[in-house]
Amino acid sequence: MLIEKYSFRDKPTNIDEEGKRKWVYAKQPHGSWYTLRTLVGWGLLVFWVIVPFIRINGYPLILLDIPDRRFIIFGAIFWAQDTFILSLLMLSFVLFIILFTVSFGRVWCGWACPQTIFMEMVFRRIEFWIEGDYRTRRKLDASPWNFEKTWKKLAKHTIFLLIAIMMTNVFLMWFIGSEKWLTLIKEPISEHRTGLAMMLAVSGLFYWIYSWFREQICTMVCPYGRMQGVLLDQNSIVVSYDYKRGEPKGANAGGDCIDCRRCLAVCPTGIDIRNGTQFECIHCTACIDECNDVMKRTGQAPNLIRYSSAIGIEENHETIWNTRNIAYSAVLIILLGFFAYTIFTRPVIETNILRTPGLLFQENADGTISNLYNIKIVNKSHNKYDLEIKILSHDGRIELAGRGIPLNDQDLYQSTFILFIPADQITNENTTVEFGIFEEDKLLETYKATFIYR
Ligand code: SF4
Ligand code: SF4
């Protein structure tokens, strides 16, 4: 049978025959793709660090304030009431990722995923710097403990731990804001023992991931990585080995691949790209750079390994557009358009009025009936307001707890008020009443609620 001629992998490359972890000693990449990826990676790292310190109209560029259910994105504030808009944003983001995966494979993983950026651009570079390239590192790990091994391991792990603590604190600023974080660290530790313990636990997790767990996040844990099998097809642009040009491989065997295995040595997930598209490939492009260097040295044309599709390699053409890509793009554009429309047309003032639960009506000596209400007004704009609430549907009056409704920019107002309506105007047990929210004499919003009697 034909199938017996081939051997197929039934386990990840970083696991041995006995099911034990095989440590990947990846060679340090060099080349134009690596330079470009370094620029993109460091650009994203700088963005990630400075975001909590950037202010728009006095608000952080991005703040994910989960306890207060308040999200600030590019200076615009979203409250819990804006769940619809946030869901739309998340949906657009997921679709965007799917569209990109269908068209360009795991381009997100190789170029923008925080795991890859921290692993390849920060932690692995420190490892190269302290312990040397792959052969030296392998030798160092196999050697007995001596002065050199001790100081190198100590230096590396101390730096890893410090970076992990720094990472945790920057992430914390994304959730609580830089000002609150600065206040926290100035206060005595005794006041924040739980917070400190949590911060150290998360730092420990980051340290463990980058010092030991590493590529297993991409190959075993990340659900996105496991979805590649259903998202990729023959037209998807992935890092591909041109087998038509490369085979038969080997020195003087006839193909362009000299079987030097340098593409395998440089791979951070330990795979051989010459075996075709594999779920471990994170599109880091290191093998493209490495093979291009080999091609240059052997005087052959570059890009034996390149970004291409299965069809592109087979038929020697590169195309990325097919019916599925076009359909996904159309859905994405519609969704983004709807998202932009919803953002620009969302009311700047959002009112919520509910009858206070558990309380009945009251009959008053002046012949009126009264109900108690809770009122909540969110100001989503950067303007300040001095608002007033009036009853529009009936000839009644309102007594508000406190004086007026002052609203600062991006503010939340909460209070209670009593609505009095003459008894002769109430004909039903449940009457719909309409309120108006005014700024001076300008009606900003109306809101309907129920008024009960009997
Ligand atoms: S680096 Fe290029 S030439 Fe060397 S084994 Fe890989 S594909 Fe073949
Ligand atoms: S096969 Fe190439 S692109 Fe894929 S992870 Fe390995 S080195 Fe990176």
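Just so you know, ligand 1 is whichever comes first in the structure, and atom 1 is the first atom listed for that ligand.
Classification of the F118-F123 ring pair by plane angle, with boundaries at 30° and 60°, yields tilted. Ring geometry for Y341 against F338 counts as parallel: the plane angle stays under 30°, on a 0 to 90° scale with 60° as the upper cut. Using the six-membered ring where Trp is involved, W174 and F47 have ring planes that are perpendicular, over 60° apart on the 30 and 60° scheme.
Legend: ring pair (Phe, Tyr, Trp, His ring centres under 6.0 Å) pairs involving residues 243-276, not counting sequence neighbours: none detected.
Annotation: protein N, O or S atoms under 2.8 Å of atom 8 (Fe) of ligand 2 (waters excluded) comprise C284 SG.
Considering every non-hydrogen atom in both F104 and H283, the closest pair reads O-CE1, 3.1 Å.
Close approach of ligand 1 to C260 (heavy-atom distance below 4.0 Å) involves ligand atoms 1 (S), 3 (S), 4 (Fe), 5 (S). For ligand 1, the atoms sitting less than 4.0 Å from at least one non-hydrogen atom of C263 are 1 (S), 5 (S), 6 (Fe), 7 (S), numbered in the order shown with element in parentheses.
The nearest protein atom to atom 3 (S) of ligand 1, hydrogens excluded, is given as I258 N, 3.5 Å; this is a heavy-atom distance. Protein heavy atom at the shortest distance from atom 2 (Fe) of ligand 1 is C291 SG, 2.4 Å.
D242 places no side-chain N or O within donor-acceptor distance of the main-chain N or O of L304, the cut-off being under 3.5 Å.
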Listed pairs under 3.5 Å, donor-acceptor, residues 221-231 side chains, sequence neighbours left out:
unit_1, atom_1, unit_2, atom_2, d
Y224, OH, T101, OG1, 2.4
R226, NH1, T219, O, 3.3
Q228, NE2, Y224, O, 2.8

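For R137 and W23, the positive end is not near the middle of the six-membered ring at less than 6.0 Å and at most 45° from its axis.
Using 4.0 Å as the threshold, R261 has a heavy atom nearer than that to some atom of ligand 1. Contact between R274 and ligand 1 is present, with at least one heavy atom of the residue lying under 4.0 Å from the ligand.
For the side chain to side chain donor-acceptor pair (under 3.5 Å) test, residues two or more places apart in sequence or in another chain that qualify with R125 are Y34, T38.
Contact annotation: C257 places no N, O or S atom under 2.8 Å from atom 2 (Fe) of ligand 1.
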